[in-house]
Number of protein chains: 2
Amino acid sequence: MSLPTIRLAVDAVVFGYDPKEGISVLLIQRKYDPFKGGWALPGGLVNEDESLEHAVERELEEETGVKVDYLEQLYTFGNPGRDPRNRVVAVAYYGLVKKSDFILYAATDADDAKWFHWDELPELAFDHKDILETAIKRLRGKIRYEPIGFELLDDKFPFSDLHKLYENVLDKEVDRRNFKKKFLQLDILTELEEKVSEGPGRPGSLFKFNQEKYDKFKKEGFNFEI
Amino acid sequence: MSLPTIRLAVDAVVFGYDPKEGISVLLIQRKYDPFKGGWALPGGLVNEDESLEHAVERELEEETGVKVDYLEQLYTFGNPGRDPRNRVVAVAYYGLVKKSDFILYAATDADDAKWFHWDELPELAFDHKDILETAIKRLRGKIRYEPIGFELLDDKFPFSDLHKLYENVLDKEVDRRNFKKKFLQLDILTELEEKVSEGPGRPGSLFKFNQEKYDKFKKEGFNFEI
DNA sequence: ATCTAATTGTGTATTTACTACAATAATAAT
DNA sequence: ATTATTATTGTAGTAAATACACAATTAGAT
């Protein structure tokens, strides 16, 4: 019996957030065939001695210059035929970053690296559209019962930013007052003395995310649902 | 650049249910080294032209004789060193079956195939303990907001069986009356005229799972939480 | 036949969460 | 200063989740 020659790759769906523009996705323009010139998720083959997480982080930095601080395995896409050349099975990850933390640059397999608003995506190579849709669904599901999202906000932020983030991700209106009640009940935010006014309107206090209390909750299991 | 020689495998965590004994897990005894004679999850290498799902179903039937009707991808385990011989990345799946539907037999790589109560598991080969724990967590999480579990019950069942199943999986007491209210509100069960008495006590009606309504809910998204 | 233990069916308080609305306060623009 | 905009606070009605009580029905023991 000959050894199967299946290649193993990783792909990354990186969501970036900006309070003004909403959610974006990081894509690269392919330098080589197949799909030369087409847009695709950053990613590439896994090296023999590296972990999957390492492979994602490496490819991501090589191709785009982005280092993610939150990274989670999404799903493994393995249909024969998803790559026209060979059998390639891809383990997809998704990550969250503050968009403003990075200046993108393209290198190695990528001709360009760009943020696309998640409502205005170009055609994607391979089955990357499926991967992206899976990631969006997962993010939407996850944010409802686990307070992700602090990775997407500044260290100190007005409550309205958090609220907008949720409305952006969930793509629907969320009652501001009840949302705040629920979130403050969770007790993982620290309200600061400082205030900011963003444009007109009464300025709100800044909040800080309390990592300590968050870790405690994570151990004991969250009881939280938006 | 030489091609990485990473091998791709699938592993299956199959949960079986029996109202009297609770939840069991299907394990095989390994016929060959490494871990010869040790217990492990059924699984094996993926063929070049088959889908991952096909590979799981094939290996499962080859090694144990079990055909699963519910199968879902769990997680991909890819740490270098998880297999002492080579780099093997394993895509793990988990499935649910009615235990009484099968007579186990062991073949190919397996010397034996057996159900183990999930509280009394033997030592497992490779990182299969991690895989199993991940699967248990996932099952516990999933059953709380999606009415899985009908795969584990007979076609017609007294309500108490469903209740016991939940208490078994969640490993805690669940108020019988409130549980029933919540489940009946969901409106995916049909109450039959027939009654059964299991030992002493007032006999209860039998219920049937309503696949049609279930599918409708699945499309529109469940709003259900135990 | 009678009693006991086990189990199901039905119902009702009580508490908690959700939602909506109104009143008030702080700031920016004019 | 006046007005518009947005944030905060409070209140209250409604809905939902939870806890708990009790009657009804059966098998098996005596």
Side-chain angles (χ1 to χ4, degrees), chain A residues 19-20 22 143-147 153-154 156-168 170 172-208 217 220-226, chain B residues 18-20 22 143-147 153-154 156-168 170 172-209 217 220-226:
Chain A
K20 287 189 193 78
I143 206 173
R144 293 188 63 225
Y145 61 88
E146 197 165 313
L153 295 172
D154 288 324
K156 299 170 183 181
F157 53 88
F159 204 89
S160 54
D161 272 14
L162 185 62
H163 180 229
K164 272 180 222 150
L165 169 59
Y166 268 74
E167 291 198 324
N168 260 310
L170 297 176
K172 66 173 185 189
E173 283 193 17
V174 176
D175 187 276
R176 176 175 52 84
R177 296 150 293 194
N178 298 327
F179 176 77
K180 188 163 184 181
K181 261 187 230 162
K182 238 186 240 181
F183 229 102
L184 290 184
Q185 255 171 225
L186 249 189
D187 201 31
I188 54 171
L189 293 180
T190 314
E191 186 166 0
L192 305 174
E193 293 297 316
E194 299 173 67
K195 313 229 172 204
V196 271
S197 56
E198 305 194 304
R202 175 175 175 170
S205 322
L206 286 177
F207 287 81
K208 241 181 100 171
F217 270 104
E220 297 162 9
F222 278 100
N223 188 28
F224 165 69
E225 202 186 323
I226 294 295
Chain B
D18 181 313
K20 287 191 193 76
I143 206 173
R144 294 189 62 225
Y145 61 87
E146 197 164 313
L153 294 173
D154 288 325
K156 300 171 183 180
F157 54 87
F159 204 88
S160 55
D161 273 13
L162 186 61
H163 180 230
K164 271 180 224 150
L165 169 59
Y166 269 75
E167 292 197 324
N168 260 312
L170 296 176
K172 68 173 183 189
E173 281 194 16
V174 176
D175 185 277
R176 173 179 59 88
R177 295 151 291 193
N178 297 332
F179 175 78
K180 189 165 182 180
K181 262 184 233 163
K182 237 186 243 181
F183 229 102
L184 290 184
Q185 255 171 223
L186 249 189
D187 201 30
I188 54 172
L189 292 181
T190 313
E191 186 165 0
L192 305 175
E193 294 296 317
E194 302 172 66
K195 313 230 172 205
V196 272
S197 57
E198 307 192 304
R202 176 174 175 171
S205 324
L206 286 176
F207 286 81
K208 240 182 99 171
F209 174 51
F217 270 106
E220 298 163 8
F222 279 101
N223 189 28
F224 165 71
E225 201 187 322
I226 294 295

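What you are looking at is a predicted structure, and each value in this text was computed from that prediction instead of being measured. Throughout, protein chains are lettered first and strands after them, A, B, ... in sequence-line order, and every chain is numbered starting at 1.
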Treating primed atoms plus P, OP1 and OP2 as sugar-phosphate and everything else as base, which nucleotides of nucleotides 19-30 of chain D get B, S or - for protein heavy atoms under 4.0 Å?
BBBB-BBBS---
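Side-chain N or O atoms of A/H163 include one that pairs as donor or acceptor with a backbone N or O of A/V174 at under 3.5 Å. Put simply, the side chain of A/D154 never gets that close to the backbone of A/K156: no donor and acceptor are under 3.5 Å apart.
Residue B/F183 comes nearest to B/L189 through the heavy atom pair CD2-CD1, 3.9 Å, listed as atom of the first residue, atom of the second, then distance.
Atom NZ of A/K180 is separated from atom P of D/dT6 by 16 Å (rounded to the nearest Å). In this structure, CG of B/L162 is placed 17 Å from P of C/dT7, rounded to the nearest angstrom. Straight-line distance from the CG atom of B/L184 to the P atom of C/dG9: 9 Å, rounded to whole Å. Taking atom CZ on B/F159 and atom P on C/dA6, their separation rounds to 22 Å, with Å as the unit. Atom CZ of A/F207 and atom P of D/dA7 are 12 Å apart (whole Å). C/dG9 atom P lies 13 Å from atom CG of B/L189, rounded to whole Å. When rounded to the nearest whole Å, the span between CZ of A/F183 and C1' of C/dA17 equals 17 Å. Between B/E191 atom CD and C/dG9 atom C1' the separation is 10 Å, expressed in whole Å.
Taking CG of A/L170 as the start and CG of A/L165 as the end, the distance is 8.5 Å to the nearest 0.5 Å. Between the CG atom in B/L186 and the NZ atom in B/K181 there is a gap of 15.0 Å [rounded to 0.5 Å].
Sorted by first and then second residue, the pairs that involve residues 182-191 of chain B and meet salt bridge (Lys or Arg N to Asp or Glu O under 4.0 Å), not counting sequence neighbours, are B/D187-B/K213.
Using a 4.0 Å cut-off, some side-chain N or O of B/S205 falls inside it from OP1 or OP2 of C/dG9. Contact annotation: A/K182 side-chain N/O to C/dA17 OP1/OP2 distance is not under 4.0 Å. Within the 4.0 Å cut-off from OP1 or OP2 of C/dT7, not a single side-chain nitrogen or oxygen of B/S160 is found.
Ring geometry for B/F179 versus B/Y166: interplanar angle of 30 to 60°, hence tilted.
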